[in-house]
Every structure is written in C-alpha cells, then in structure tokens.
Peer 1: 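Below you will find the structure I want to go over with you.
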Amino acid sequence: MRFTHLFGKTLRQAPAEAETPNHQLLLRARLITQLTAGVYSYLPLGWRALLKIRQIIREEMDAAGGQEVMLPGLQPVELWEESGRRKAFGETLFVLKDRRDRELALGPTHEEVVVDLFKRLVQSYRELPIMIFQMQTKFRDEPRPRGGLMRTREFTMMDLYSFDADYEGLDVSYDKMLVAYKNSFDRCGVPTIKVLADPGTIGGADNNEFMHLTDVGEDQVLICPHCDYAANTEKASFRKRTAEAEAPLPMQEVATPGQKPIDDLVAFLGVPPWKTLKAVFYAHDRAPVFVAVRGDLEVNETKLRNALGGGELRLMDDRAVEAAGLVPGAASPTGLRGVRVVADDSVVDSPNLVGGANTPDVHHLNLNYGRDWQAEIVADIALARDGDPCPNCDTPLQMRRAIEMGHVFKLGTVYSDKLGATYLDAEGKARPVVMGCYGIGVERLLATVIEANHDEKGIIWPASVAPYQVHLVALNIEDAAVREAAEKLYDDLRAAGVDVLYDDREESPGVKFNDADLLGMPLRVTVSRRTLEKQSVELKGRREKESSLVPLADAVSTIAGRAPS
RNA sequence: CGGGGUGUAGCUCAGCCAGGUUUAGAGCGCUUGGUUUGGGACCAAGAGGUCGACAGUUCGAAUCUGUCCACCCCGACCA
C-alpha cells in the first residue's frame, strides 16, 4: 500500500476525548473513527489488524473442534421472552418494530438463537459433542459506552457454544476452550490470566474470565501471589477474621450521641470494628433490604444481588431509609418488621456485637445472632479488598486492574431447560443437552493489543496482527535514484509475498520516521541517498534501538526472511 | 438514571467572567509556489467556521438568560 493512497492520514495530536494510550493511538494512527457514542468505523489499517485477529481466533477455534457459522443479528423478541432474558437484559436490549408492528431484538448475544438452531438440527447423542462458533456484531444499549473500543454499543464478539451429552463432556469441551482462549490471546501478543468470575446475566455455574492486567482496565481482580487463586472482585472470597469465642452477654443499651459512621462509633466506644454490626440499606426491586455485615467489612453488591436471586439493586440514601421507617446510622436488625434481612456469614459467627437500636443516638451492646435477631438470608456477601487473606492459603491478596478479554461459562442445562433443547440418549430417553458458551470481544482485543504493545512514540505491533509487516520509508524521494530504488524494492517485496506499506510521500525524514513509529509496523526499511551510496538499505525493528544496513542485492530475501507473511 | 465536565476551522485550543475595532483568532494539518532534507524544516501566498441547536434579553450576543441536543469522565451493567 502506498502511503499517498492510504485512506486517512495520521494525527499529531490525540483528540481530547481519548484518555488511555490505546484509545489515543487508535485515533492518532487512524485505525478507527467514532460515529457516535460507542459506535466506531474501522479504517483500512485498523480493519487489517482486526482481520488478522479474527483469523487467529478462527484458527484456534477450528483447532479445538469448533465449526464456524453465521447467525442472525435480528432476532424475534419472543425468543428472549421464552428464555426469561428480556427482563434480565432490560434496557440494554435494543428492540425495534417491523412494518407489521412485531418486535425484533438486535442480538446482544446468541444463546437463544443457537439453542433454537440446536433444536432444529440435532436429535441424537450420536451427534454430540458439537462446538459451533461465529463472529457476529452484537448490539447492546450500554448504560455508558466508554474507553474507546473498550465498551461499545456495537461490537463483534466471537462466541462459541458447546453441546455435550453430559457434564463430563462439558468439562472436556470447557478445558479445550481454556486452551484455545489462552492460545488466541498469546498469539495476539496479549498476556492474560484466568480468574474466577461472576456469571452475570448469562447464568450457569463455573465460569472464568481471561484478564489482561493493566492500570487502564475497568475491572479489578484479586490475585494471590503465593498460590494460584485469582478472582474478579465481584466474585472474590477471602478468609474473614474469625471472632474469638465468647459466651453471649446480655444485651444493653448505650447512648452514642452523634456517632453515625461506623468509624466514629468505633472510636467513641473504644471497640474494634470487627466487634460491631454495620447496617447498609439497599432497595432490591424497590423494596428495602436490611443488609448486615461486620464493621470491618464492606458489602459486595454482586454477591448480595446473587443472594437475593438477581434483580435491581440500589443503595438507599438516608432520606429513603427514613421514608422506609428506619433509622440511618443507628439501625438495628432486632424487632424489624416488613423488611428483608440479609446477613453476611461473619456476623452470624461473631458474638456480642455493637449495633444500632433503631433509636437515634442509641446503640445496643452484645447483639447476638439467633437470640436477638435473625436474617432471612445468610451468605457470603462481603467485598474482598487489597490485602485481605487468600481463601486458600491466607497470603494477602493483591488488587490489580484488568481488562476482561474473554469469558467462558459452563452453562449446564439452564438454556436447554428453558428452551426445551433435548437429545435422545442410547436408551432413547430425552435428555437436556449440556451447554457451555465462550465469548471474546474482538475489537476490545484489538485495543488491548495496542495497550499491551506500545511506547511513547506509538504502536508496536506484534507481527501476528500487524496491518503490514514492513514499513518502507523512502527519504528524499524526489531524488530519482532513491525513487527508482524504493519503487523497485516495493514491487519486489510484494512479489515475494511481503505485506508492505510504502511511504512514497514527499515529506521530511522526521515526519516519515515519526509516522513509522506511530503506525508501528514490525520492520522499518529505509531507502535514502545515504543508503544507496553504500549500495544498501537500512533495516530497523520497531522494538530495536539500532538499525543495520543490508546490501541492496540481499534486501528482498533478508526482509522476507524477517517478515512472516 | 445520579454526579461532574466540555461543545469556537480536519486536530489541539485562546477569546466568554466585565456584550461593541472580531469583516471571529492562534498553533498544527490542508492548497499553491519556492528553499530545504536522516527524527514532526523555512519563506510567501491561500482555502477553511450557521462560535452545538432553538428561543429570549439588548440598539448590538461566540460572550448574558432559558430550554434542548451531542460528546467525555465518575458510579449502577458487560466482551
């Protein structure tokens, strides 16, 4: 490709809307351009990289036994009602009406459609296992698109679905996918770790996320530096400080004027935080819920929502708490009526806690679970934080930010049951098919490739996904000898099967070198008067500091040898 | 949806508070000519803007007021 023909030129300054390095470089190198919030166009260089990424994923899915298909983006909304996920997705689901006033959804994902497909095509256990995948545009009306390609409303997902006769088969399929995912990210030059995760609206049991650790990630993970424990904060558990065994003491009232936040109360009464009961109020599907955790802990809203069986969860402010007839700052679970109570398992196991008395400026001493109050639900709803002890080995966990590259789920029979997807086993009995689903955000992966491979000058493409392998720079191109040599090299390299971007512009050397660094092709080849005097061309790897000269006669073979096609 | 912020040329921004020499500016980019040429050159001449939209206040609005829209950031959701 000649630079003078390339659609779009580079930007010296990054547009103000971009904050992260990957977003700035995507825009400056003209890989993408934004149409509207969370919707992007992919320009020639960006699209070429994306095609490379897609091909890598395709090869890995094929190698794992996947078969590629293409499923519709337009889906009848009835399918979503049948699976119960129309409500689960809520406003995130794009819904439109056809001319007959029937509702159609723009698919945010494809479990429903793929199960429908399974029902139409598969009858017997003899046909199992099956893995099918596709790369299709997904539409999600995200509450807040952000971070360039990190969270968009229209994006490509590679989604693979596995169908097995039983759970043992699912385990096999799942393990194959773990390998295929790791390989895909590795080949794209993105280091990842596998963490435990929350399944969210997808449902199902076991699931893992592939995370790329970086400060610009929107997720947080907790990693044990000692054992192999790693989990998304949404999911992470930790070893809670165990309460010392004590005989329950009689409950007592104590005046605590003006002591509302737990920190103040702790200082005022001189008790440690883990000897107190902290009350937090949430509106769950609009109904108030009393949430009790020990004073040294915080509530994990994802765990809480799961304990409540899903639904909408919101923190209540003091006014809403008062409106519900409760006392913010001195609330007590004792004698509550008409309010659901959810307790973290830590408070159940801790004797003689200090808690509110449902009277302003009064607290109770020696609250004991079972004797003084009860919870409707007891579960682990505590948020793991940086430094909390690893649940496996007690080592302090480390909190890191990360980008979620992929998410794999053991769905089991959640969808098969809801949508009636069965097969006949060897005895001729109908059984629900056991499913898994596995997704990679393709454009997000592109962004992460850049995030993981750049310096202050620009992108440093891994050869595997570089739009072009060679960036041929002709300096002083108005010099006929230079132009002639550069043109010939360009033609010869292409004839040798090398993807080359040829800077044939009449620009100063600085401009050309800076653009070469910004665009980040793996190998830079420079032709100039200076190199021609020595009958040679100059080669420099994007990651290398030093360049080297190669005789003109050997240029094509040397370059072709260094540049995988 | 709650909180914060920004809309002036392709990109980055000044001008707005104290309305009137602003026929609206700068740098970069773009066009033409010339001089340069191994790390974002220089000179000269140009092109390019309904100052986000609408309504209002005023003799007069980029500037003041109101409404709306768009985009960005922080939170609730996810690949």
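Letters A, B, ... mirror the listed sequences (proteins, then strands); counts begin at 1. Hydrogens, waters and symmetry mates play no part in the numbers below; they use all other heavy atoms, side chains included.
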Peer 1: Using a 4.0 Å heavy-atom cut-off across all strands, classify A:Thr109 as base, sugar-phosphate, or nothing.
Peer 2: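 If one applies the 4.0 Å heavy-atom cut-off, A:Thr109 turns out to touch nothing in the nucleic acid.
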
Peer 1: How many whole angstroms separate atom CE of A:Met150 from atom C1' of B:C73?
Peer 2: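 A:Met150 atom CE is separated from B:C73 atom C1' by 16 Å.
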
Peer 1: I'd like the P distance from B:C51 over to B:U8, given in whole Å.
Peer 2: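 The answer is 11 Å between these two P atoms.
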
Peer 1: Please state whether the phosphate of B:C71, meaning OP1 or OP2, lies under 4.0 angstrom from any side-chain nitrogen or oxygen of A:Thr36.
Peer 2: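 Yes.
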
Peer 1: Looking across every strand, which nucleic acid part, if any, lies under 4.0 Å from A:Ala18 by heavy atom: base, sugar-phosphate, or nothing?
Peer 2: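 A:Ala18: no heavy atom of the nucleic acid under 4.0 Å.
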
Peer 1: Report yes if a side-chain nitrogen or oxygen of A:Arg12 is closer than 4.0 Å to either non-bridging phosphate oxygen (OP1 or OP2) of B:C11; otherwise report no.
Peer 2: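 So the side chain of A:Arg12 is outside the cut-off, no N or O lying under 4.0 Å from OP1 or OP2 of B:C11.
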
Peer 1: Taking N and O atoms by type only, does the side chain of A:Arg140 place a donor or acceptor under 3.5 Å from a partner on the base of B:C77?
Peer 2: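 Side chain to base: no pair present.
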
Peer 1: If we take the C1' atom in both B:C69 and B:C59, what is their distance in whole Å?
Peer 2: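 Straight-line distance between the two C1' atoms is 31 Å.
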
Peer 1: Taking 5.5 Å and 30° as the limits, would you call A:Phe155 and the base of B:A79 a stacked pair?
Peer 2: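 Yes, A:Phe155 stacks on the base of B:A79.
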
Peer 1: Atom CG in A:Leu45, atom CG in A:Leu26: separation rounded to 0.5 Å?
Peer 2: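 That separation rounds to 11.5 Å.
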
Peer 1: Is the shortest side-chain heavy-atom distance between A:Met158 and A:Gln134 below 4.5 Å?
Peer 2: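 A:Met158 vs A:Gln134: side chains apart.
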
Peer 1: Pick base, sugar-phosphate or nothing for A:Glu91, based on heavy-atom distances below 4.0 Å to the nucleic acid.
Peer 2: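 Since no nucleic acid heavy atom lies under 4.0 Å of A:Glu91, the category is nothing.
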
Peer 1: Whom does B:C17 pair with, Watson-Crick or G-U wobble, provided both distances fall under 3.5 Å?
Peer 2: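 Here B:C17 is not engaged in any pair, so there is no nucleotide opposite it.
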
Peer 1: Quick one: is B:G38 close enough that its OP1 or OP2 comes under 4.0 Å of any side-chain N or O from A:Ser528?
Peer 2: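 No, no such contact exists.
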
Peer 1: Using a 4.0 Å heavy-atom cut-off, does A:Arg529 contact any base of the nucleic acid, only the sugar-phosphate backbone, or nothing at all?
Peer 2: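 Result for A:Arg529 = nothing.
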
Peer 1: Which part of the nucleic acid, if any, lies within reach of A:Asp219 when heavy atoms closer than 4.0 Å are counted: base, sugar-phosphate only, or nothing?
Peer 2: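 The residue A:Asp219 makes base contact.
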
Peer 1: Check the distance between B:C77's P and A:Asp198's CG and give it to me in whole angstrom.
Peer 2: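 Checked: the CG to P distance equals 9 Å.
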
Peer 1: At under 4.0 Å between heavy atoms, what does A:Leu475 touch on the DNA or RNA strands: base, sugar-phosphate, or nothing?
Peer 2: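 It contacts base atoms.
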
Peer 1: If we take the C1' atom in both B:A18 and B:C72, what is their distance in whole Å?
Peer 2: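 Approximately 30 Å lies between the C1' atom of B:A18 and that of B:C72.
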
Peer 1: Record whether the side chain of A:Glu538 comes under 3.5 Å of the base of B:G38 through a donor-acceptor pair of N or O atoms.
Peer 2: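 Checked by distance alone, the answer is yes.
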
Peer 1: Assess the side chains of A:Thr10 and A:Asp515: does a donor N or O sit below 3.5 Å from an acceptor N or O?
Peer 2: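 Note: A:Thr10 and A:Asp515 side chains meet the donor-acceptor criterion.
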
Peer 1: Could you give the distance separating B:C42 and B:U36 at their P atoms, to the nearest angstrom?
Peer 2: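 That atom pair is separated by 15 Å.
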
Peer 1: So how far is it from A:Gln24 CD to A:Glu17 CD, rounded to the nearest 0.5 Å?
Peer 2: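 Taking CD in A:Gln24 and CD in A:Glu17, the distance rounds to 10.0 Å.
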
Peer 1: Is a donor-acceptor pair below 3.5 Å formed from side chain A:Arg30 to base B:G10, judging by atom type as modelled?
Peer 2: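 In this structure, the two groups form no donor-acceptor pair.
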
Peer 1: Do A:Arg444 and A:Asn22 pair up side chain to side chain, a donor and an acceptor below 3.5 Å, judged on atom types alone?
Peer 2: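 No pair is found: no donor N or O on one side chain lies under 3.5 Å from an acceptor on the other.
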
Peer 1: Can you find an N or O donor on one side and an acceptor on the other, under 3.5 Å apart, linking the side chain of A:Asp517 with the base of B:G39?
Peer 2: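 Donor-acceptor pair under 3.5 Å: yes.
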
Peer 1: Among B:A79, B:G39, B:C74, which nucleotide has an atom closest to any side-chain atom of A:His407?
Peer 2: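 Looking only at heavy atoms from C-beta outward on A:His407, the closest nucleotide is B:A79.
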
Peer 1: In the structure I gave you, are the side-chain heavy atoms of A:Asn208 and A:Tyr181 within less than 4.5 Å of one another anywhere?
Peer 2: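 With C-beta onward as the side chain, the pair stays apart.
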
Peer 1: A:Lys457 side chain: which of B:G38, B:G39, B:C73 is closest?
Peer 2: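 For the A:Lys457 side chain, the nearest candidate turns out to be B:G39.
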
Peer 1: Base, sugar-phosphate, or nothing: which does A:Pro15 touch, judged by heavy atoms less than 4.0 Å apart?
Peer 2: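 Sugar-phosphate contact only.
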
Peer 1: Between A:Leu313 and A:Glu443, which has a closest nucleotide on RNA chain B that is more 5'?
Peer 2: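 That would be A:Leu313.
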
Peer 1: What nucleic acid atoms does A:Glu17 come within less than 4.0 Å of, heavy atoms only: base, sugar-phosphate, or nothing?
Peer 2: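 Sugar-phosphate, backbone atoms only, no base.
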
Peer 1: Could you give the NZ-to-P distance, from A:Lys545 to B:G39, as a whole number of Å?
Peer 2: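 Distance, rounded to whole Å: 16 Å.
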
Peer 1: Which base, if any, makes a Watson-Crick or G-U wobble pair with B:G75, both distances under 3.5 Å?
Peer 2: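 Partner of B:G75: B:C1.
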
Peer 1: Sticking with atom P, work out how far B:G49 lies from B:G4, rounded to a whole angstrom.
Peer 2: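 My reading of the P atoms in B:G49 and B:G4 gives 36 Å.
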
Peer 1: Looking only at side-chain atoms of A:Thr531, point me to the closest of B:G38, B:C78, B:U37.
Peer 2: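 Out of B:G38, B:C78, B:U37, the nucleotide with an atom closest to A:Thr531's side chain is B:G38.
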
Peer 1: Thinking salt bridges, do A:Arg562 and A:Glu544 make one under a 4.0 Å N-O criterion?
Peer 2: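 Salt bridge: yes.
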
Peer 1: Compare the minimum distances between each of B:C77, B:G38, B:C11 and the side chain of A:Thr92, then state the nucleotide with the smallest one.
Peer 2: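 Of the candidates, B:C77 comes closest.
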
Peer 1: Looking at every strand, decide which applies to A:Glu478 at a 4.0 Å heavy-atom threshold: base, sugar-phosphate, or nothing.
Peer 2: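 Since a base atom lies under 4.0 Å of A:Glu478, the category is base.
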
Peer 1: Would you kindly say whether A:Ser83 and A:Glu112 are connected by a side-chain donor-acceptor distance under 3.5 Å?
Peer 2: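 Looking only at side-chain atoms, A:Glu112 and A:Ser83 do form a donor-acceptor pair, the distance falling under 3.5 Å.
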
Peer 1: Give A:Met405 one of three labels, base, sugar-phosphate or nothing, depending on what nucleic acid heavy atoms sit under 4.0 Å from its own.
Peer 2: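 The residue A:Met405 makes sugar-phosphate contact but no base contact.
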
Peer 1: On RNA chain B, compare the nucleotides closest to A:Ala16 and A:Glu218; which residue's is nearer the 5' end?
Peer 2: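 Final value for this comparison: A:Ala16.
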
Peer 1: Which part of the nucleic acid, if any, lies within reach of A:Gln34 when heavy atoms closer than 4.0 Å are counted: base, sugar-phosphate only, or nothing?
Peer 2: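 Touches sugar-phosphate only.
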
Peer 1: Does the side chain of A:Leu71 reach to within under 4.5 Å of the side chain of A:Asp159, using non-hydrogen atoms?
Peer 2: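 Contact flag for A:Leu71/A:Asp159 side chains = no.
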
Peer 1: Please name the nucleotide paired to B:C68 by Watson-Crick or G-U wobble geometry with both distances under 3.5 Å, or report none.
Peer 2: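 Partner of B:C68: B:G52.
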
Peer 1: Classify A:Gly8 by what it touches in the nucleic acid, base, sugar-phosphate, or nothing, heavy-atom distance under 4.0 Å.
Peer 2: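 Counting heavy atoms under 4.0 Å across all strands, no contact is made by A:Gly8.
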
Peer 1: A:Arg305 near the nucleic acid: base, sugar-phosphate alone, or nothing, with a heavy-atom cut-off under 4.0 Å?
Peer 2: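 Sugar-phosphate: the residue A:Arg305, judged by heavy atoms under 4.0 Å, touches backbone atoms but no base.
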
Peer 1: Once hydrogens and angles are ignored, does a donor-acceptor distance under 3.5 Å link the base of B:G39 to the side chain of A:Glu507?
Peer 2: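 No.
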
Peer 1: B:G40 P sits how many Å from A:Phe3 CZ, rounded?
Peer 2: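 Distance, rounded to whole Å: 17 Å.
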
Peer 1: Between B:A76 and B:G39, how far apart are the P atoms? Round to whole Å, please.
Peer 2: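 About 49 Å, rounded to a whole number of Å.
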
Peer 1: Select base, sugar-phosphate, or nothing to describe what A:Lys512 touches, counting heavy atoms under 4.0 Å on all strands.
Peer 2: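 No contact at all - A:Lys512 keeps every heavy atom at 4.0 Å or more from the nucleic acid.
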
Peer 1: For A:Arg146 and B:C78, what is the distance between atoms CZ and P respectively, to the nearest whole Å?
Peer 2: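 It is 12 Å, rounded to the nearest whole Å.
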
Peer 1: Nearest to the side chain of A:Pro509 - B:A79, B:C71, B:G39?
Peer 2: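 That would be B:G39.
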
Peer 1: If you measure from the P atom in B:G27 to the same atom in B:A41, how many Å do you get, rounded?
Peer 2: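 Going atom to atom, P in each nucleotide, I get 16 Å.
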
Peer 1: Nearest to the side chain of A:Ala37, heavy atoms from C-beta on, is which of B:G39, B:A41, B:C72?
Peer 2: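 Given the options B:G39, B:A41, B:C72, the side chain of A:Ala37 is closest to B:C72.
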
Peer 1: Could you let me know what B:G33 is paired to, Watson-Crick or G-U wobble, both distances under 3.5 Å, or none if it's on its own?
Peer 2: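 Pairing partner, where one exists within any strand: B:C43.
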
Peer 1: Quick one: CG on A:Leu213 to CD1 on A:Ile193, what's the gap to the nearest 0.5 Å?
Peer 2: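 So the gap between those two atoms works out to 4.5 Å.
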
Peer 1: Say we look at B:G52 and B:U58: how far apart would their C1' atoms be, to the nearest angstrom?
Peer 2: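 The same atom, C1', in both gives a distance of 23 Å.
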
Peer 1: What about A:Arg28: does its side chain form a donor-acceptor pair under 3.5 Å with the base of B:G40?
Peer 2: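 Answer yes: a donor N or O sits under 3.5 Å from an acceptor.
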
Peer 1: Under a 3.5 Å cut-off for both contacts, is B:A24 paired Watson-Crick or G-U wobble with anything, and if yes, with which nucleotide?
Peer 2: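 Partner of B:A24: none.
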
